[in-house]
Amino acid sequence: MKEKVENLLNEAKEKLNNANSLKEVMDLKVLYLGKKGPVNELTTHLKELSSEEKKEFGKSLNNLKTTLSSLFEEKIKYYEEKELNEKLTSEQIDITLPGVHVPIGVPNILEKLIEEVEEVFLSMGYDVVDGPEIEEDKFNFELLNIPKGHPARDAQDTFYLEGEEILLRSQTSPVQIRTMLENGGTTPVRMICPGKTYRRDADDATHSHQFMQIEGLLVDKNISLSDLKGTFDVIVKKLFGESCETRFRPSYYQFTEPSVETDISCFVCKGKGCSLCKNTGWITVSGAGMVHPNVLRNCGYDPSVWSGFAFGFGAERLAMLKYGITDIRTFYQMDLREIEAFNRKDVD
Ligand SMILES: [Zn+2]
């Protein structure tokens, strides 16, 4: 009997030594120490022995069980740790490896400038208004005091879609007309309209057949040219810095009277003269003026009671000046690397 116990122990030890995985060890444990295993089988022989032998054999059986149990537990612990370590190693993240670059989009520079202008006007109580790009002649020309036969209506300049009545708007001013008509000649208007406009220009560095205007209109009682000057000062100082000076020069537009061209002091040479300002010290940034009485009347506003001013910026021109862009086509053939570079300029 003693021999059997020893043989069993040696056999189990040998098998355990040859086991190569946690699973194999677990299987061996069930095989030897399970209910139907050889250790339990030996226990059944106890009853065949004398009480003296029973005592001794019982003791050695207990020893066998304890020894085997601790051997198995030791080996199980070994493999469990080994597997855990292997898992940790295989799942380890090397934080010193270079990361994967995920490109992040940046806003189009023109869109960004328009939003900047919108913010300034919104803070002064203006509404941002939208309107159709396919327009009727009456809104684009007629009601703006541009009668039939006026050179601005020339088919050389305007994209007509159907006869002479439907066209691609050549300015955003029709949105001003629509807004005034909606207000019915009875309530003040404060609005800006940034939007696409179309003219039959051949594309080159300074011309584009499609470009963005930012037009604005204020109609109220007792509005004068000095209100326009004050508003113009606010927006250009916001865009080009507090040291930016402004001046008005007389000009002529059909829909304003008087009309002005608005200049800002050259922010490159500070007035000394450079190529940007063509040595004048001044840069023209918009056209503006007091709303023509005919236009007010066309939209239901009595010019003896109401007055107002209107202005129009070319969004591309503003962005070109602000970001030092020399070719208008840059905005419409956008190279993503260029957009990123302009945005970086803004952050700097
Ligand atoms: Zn200059």
Side-chain angles (χ1 to χ4, degrees), residues 106-121 124 171-172 192 194 197 199 201-216 225-253 256 258-289 309-335 337-348:
V106 289
N108 179 290
I109 209 74
L110 204 52
E111 199 58 42
K112 202 171 159 181
L113 179 120
I114 289 168
E115 275 176 19
E116 206 177 325
V117 174
E118 283 178 0
E119 294 246 324
V120 179
F121 280 103
M124 293 194 283
Q171 48 197 350
T172 44
I192 62 161
T197 54
R199 286 184 202 172
D201 274 329
D203 293 353
D204 61 25
T206 52
H207 296 87
S208 173
H209 66 280
Q210 179 240 295
F211 55 99
M212 299 286 289
Q213 274 194 336
I214 309 173
E215 283 200 5
L225 205 58
S226 64
D227 295 311
L228 170 62
K229 182 82 157 59
T231 307
F232 179 66
D233 278 4
V234 170
I235 184 69
V236 294
K237 280 185 197 303
K238 185 79 189 165
L239 289 177
F240 298 104
E242 282 300 316
S243 60
C244 190
E245 303 279 330
T246 61
R247 75 171 186 188
F248 283 0
R249 281 181 298 113
S251 187
Y252 177 79
Y253 302 109
T256 44
S259 303
V260 292
E261 276 197 78
T262 58
D263 294 348
I264 59 169
S265 55
C266 181
F267 46 84
V268 173
C269 64
K270 310 281 178 216
K272 286 185 193 121
C274 70
S275 61
L276 182 67
C277 60
K278 299 188 182 85
N279 287 317
T280 62
W282 295 94
I283 303 165
T284 303
V285 289
S286 72
F309 62 73
F311 55 86
F313 292 98
E316 289 86 353
R317 172 135 177 93
L318 289 183
M320 285 166 89
L321 290 170
K322 190 168 162 67
Y323 295 100
I325 298 166
T326 51
D327 193 324
I328 196 170
R329 289 167 292 196
T330 309
F331 299 111
Y332 299 107
Q333 302 165 355
M334 255 318 186
D335 184 327
R337 290 164 301 183
E338 279 180 333
I339 304 181
E340 267 186 50
F342 294 135
N343 273 281
R344 271 203 302 278
K345 237 184 199 179
D346 243 11
V347 175
D348 297 345

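Both ligands and their constituent atoms are indexed starting at 1 by order of listing. Any value given below was found using the heavy atoms of this structure, including those in side chains, with hydrogens, waters and symmetry copies removed.
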May I ask you to check whether Arg317 and Thr284 show a side-chain donor-acceptor distance below 3.5 Å?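 There is no such pair between these side chains.
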Pair Thr172-Thr197, side-chain donor/acceptor within less than 3.5 Å: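 Side-chain D/A pair, Thr172 to Thr197: absent.
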Which pairs pass side-chain hydrogen bond (donor to acceptor under 3.5 Å, both in side chains) with one or both residues in residues 232-241, sequence neighbours excluded?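 As it turns out, the side-chain hydrogen bond (donor to acceptor under 3.5 Å, both in side chains) pairs with a partner in residues 232-241, which skip direct neighbours, are Asp233-Thr246.
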So, do Phe331 and Ser208 sit near enough that their side-chain heavy atoms are less than 4.5 Å apart?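 In short, these two side chains do not touch, never coming nearer than 4.5 Å.
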I'd like to know if Asp203 and Arg329 make a salt bridge, using a cut-off of under 4.0 Å between side-chain N and carboxylate O.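 Salt bridge flag = no for Arg329 with Asp203.
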Passes side-chain contact (heavy atoms from CB on, under 4.5 Å), Tyr323 versus Ile109? Steps please. CA-CA 9 Å; Tyr323 295 100; Ile109 209 74; 3.6 Å; yes
Polar protein atoms (N, O or S) that approach the Zn ion (ligand 1) to under 2.8 Å: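 Listed by chain and number, the nearby protein N, O or S atoms are Cys266 SG, Cys269 SG, Cys274 SG, Cys277 SG.
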